[in-house]
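The structure under discussion is supplied below as structure tokens; questions concerning it will follow.
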Amino acid sequence: MSPRTSPSSQPVTIRRAVARDAKRLTRLVRGSGAYEGKYASAVAGYRVGPDYIEAHRAFVAVGADEQGGRILGFYSLVLAPPELDLLFVADEAQGRGIGRLLVAHMRSEARAAGIDRVRVVSHLPAQDFYHRVGAVRSGTALANPPAVMWDRPEFEFHISAE
């Protein structure tokens with residue numbers, strides 16, 4: 001576990017996701033305000049299962065002051081090929097620096113795995129966030145109906161050796 005502090009000085013711990021987190025992660029994805037309206041179809045029926053958590057490097061941000069260690073956000077790093085597959089922050093936790101902490105943690109994990117670049121296909125409303133945290137626009141992922149009906153920006157994180 002790595003305790004960190006978000007800009008609002010609220011302690012946040014980032015830990016490896018475990019199978020029992022699966023239902024909470026699924027609820028976080030399906031309940032995301034960023035996927036309301038025309039974007040709802042992209043997460044309707046989406047499931048983050050224990051098998052997914054086991055197969056990828058999934059990490060959760062937990063508020064140390066939250067009752068029951070409530071999950072504030074999470075990400076999943078796929079190693080081959082390197083991709084930030086999922087990154088979600090609970091609507092009520094946005095603006096507290098949780099996303100920035102998760103990205104910093106992801107970069108550290110990628111660096112430890114010897115990865116120098118990590119691709120991310122961004123949800124349209126999240127593209128400004130990725131740009132702010134250092135991702136560079138690298139292309140466009142074309143629509144893939146019926147799952148995704150719109151083109152999405154692709155970004156790349158360049159991972160320094162430090």
Side-chain angles (χ1 to χ4, degrees), residues 1-4 6 12-35 39-63 66 69-94 96-141 144 147-148 150 152-160:
M1 286 196 204
S2 60
R4 305 207 180 181
S6 66
V12 174
T13 298
I14 297 178
R15 65 164 172 80
R16 189 79 184 244
V18 294
R20 71 176 181 275
D21 294 325
K23 287 183 182 178
R24 293 191 289 173
L25 300 185
T26 296
R27 280 194 302 271
L28 203 155
V29 169
R30 289 185 187 173
S32 173
Y35 284 90
Y39 300 121
S41 64
V43 295
Y46 194 89
R47 179 178 170 271
V48 180
D51 53 338
Y52 180 89
I53 291 170
E54 198 61 35
H56 303 296
R57 292 187 183 207
F59 291 86
V60 296
V62 180
E66 308 287 341
R70 191 170 63 90
I71 293 175
L72 302 173
F74 78 101
Y75 78 88
S76 174
L77 176 63
V78 175
L79 296 180
E83 182 172 1
L84 177 60
D85 187 42
L86 299 171
L87 174 65
F88 281 85
V89 174
D91 290 349
E92 64 276 5
Q94 291 183 12
R96 291 174 47 185
I98 308 296
R100 190 171 289 279
L101 287 174
L102 289 168
V103 167
H105 190 274
M106 179 277 300
R107 286 176 173 266
S108 177
E109 284 293 310
R111 188 176 304 110
I115 295 169
D116 65 350
R117 294 173 189 263
V118 175
R119 174 182 180 252
V120 61
V121 176
S122 175
H123 181 47
L124 288 170
Q127 63 184 335
D128 288 341
F129 165 77
Y130 286 115
H131 182 45
R132 284 193 310 270
V133 295
V136 176
R137 179 79 187 254
S138 59
T140 301
N144 185 21
V148 181
W150 51 88
R152 294 156 294 152
E154 284 185 3
F155 288 90
E156 195 170 74
F157 285 100
H158 298 252
I159 309 299
S160 61

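Values reported hereafter were calculated over all heavy atoms of this structure, with side chains retained and with hydrogens, waters and symmetry mates removed. The chain is numbered in sequence order, starting from 1.
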As a quick check of understanding, evaluate side chain to side chain contact (heavy atoms under 4.5 Å, CB included) for L124 and W150, giving each step before the final call.
CA-CA 9 Å; L124 288 170; W150 51 88; 3.9 Å; yes
At their closest point, which heavy atom of A61 faces which heavy atom of V12, and how far apart are they?
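Between these two residues, the closest heavy atoms are CB-CG1, 3.8 Å.
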Once rounded to the nearest 0.5 Å, what's the spacing between atom CG of L72 and atom CD1 of I98?
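Taking CG in L72 and CD1 in I98, the distance rounds to 5.0 Å.
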Can you see which heavy atom on L102 is nearest to which on G73, and at what distance?
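Looking at all heavy atoms of both residues, the shortest contact is CD1-C, 3.9 Å.
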Is there a side-chain contact between F74 and L86 (heavy atoms, below 4.5 Å)?
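The answer is yes, as the side chains (C-beta and beyond) meet within the 4.5 Å cut-off.
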Y35 and H123 aromatic ring geometry - parallel, tilted or perpendicular at 30°/60° bounds:
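Parallel, since the angle between the ring planes stays under 30°.
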Below 4.5 Å, heavy atoms only, C-beta onward: do Y75 and D85 meet side chain to side chain?
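Of all side-chain heavy-atom pairs linking D85 with Y75, none is under 4.5 Å.
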Between E92 and R70, is the closest basic N to carboxylate O distance under 4.0 Å?
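The answer is yes: the pair qualifies as a salt bridge.
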Are D21 and R27 close enough for a salt bridge, meaning some N to O gap below 4.0 Å?
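No, this pair does not count.
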How long is the span from the CD atom in E154 to the CD atom in Q127, to the nearest 0.5 Å?
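These two atoms lie 12.5 Å from each other.
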Heavy atoms only: give me the nearest V118-L84 pair and the separation to one decimal.
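Scanning both residues, the minimum pair turns out to be CG1-N, 3.4 Å.
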Closest approach of G31 and D91, non-hydrogen atoms and distance?
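Closest approach of G31 to D91: O-OD2, 3.6 Å.
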Using a 4.5 Å cut-off on heavy atoms from C-beta on, say whether the side chain of S76 contacts that of R57.
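The answer is no, as the side chains (C-beta and beyond) never meet within the 4.5 Å cut-off.
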Can V136 and F157 be said to form a side chain to side chain contact (heavy atoms under 4.5 Å, CB included), step by step?
CA-CA 6 Å; V136 176; F157 285 100; over 6 Å; no
Considering all heavy atoms, the nearest R152-S122 contact:
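Distance-wise, the nearest heavy atoms are CB-O, 3.2 Å.
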Do I53 and R16 touch side chain to side chain, with heavy atoms closer than 4.5 Å?
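I53 vs R16: side chains apart.
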In terms of side-chain heavy atoms, does Y46 have a donor or acceptor partner in T26 at a distance below 3.5 Å?
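Looking only at side-chain atoms, T26 and Y46 do not form any donor-acceptor pair under 3.5 Å.
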Under 6.0 Å from the NE2 atom of H158, do we count more than 12 heavy atoms belonging to anything else shown?
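Yes, enclosed.
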Does a salt bridge link E156 with R119, judged by any charged N lying under 4.0 Å from a carboxylate O?
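Salt bridge flag = no for R119 with E156.
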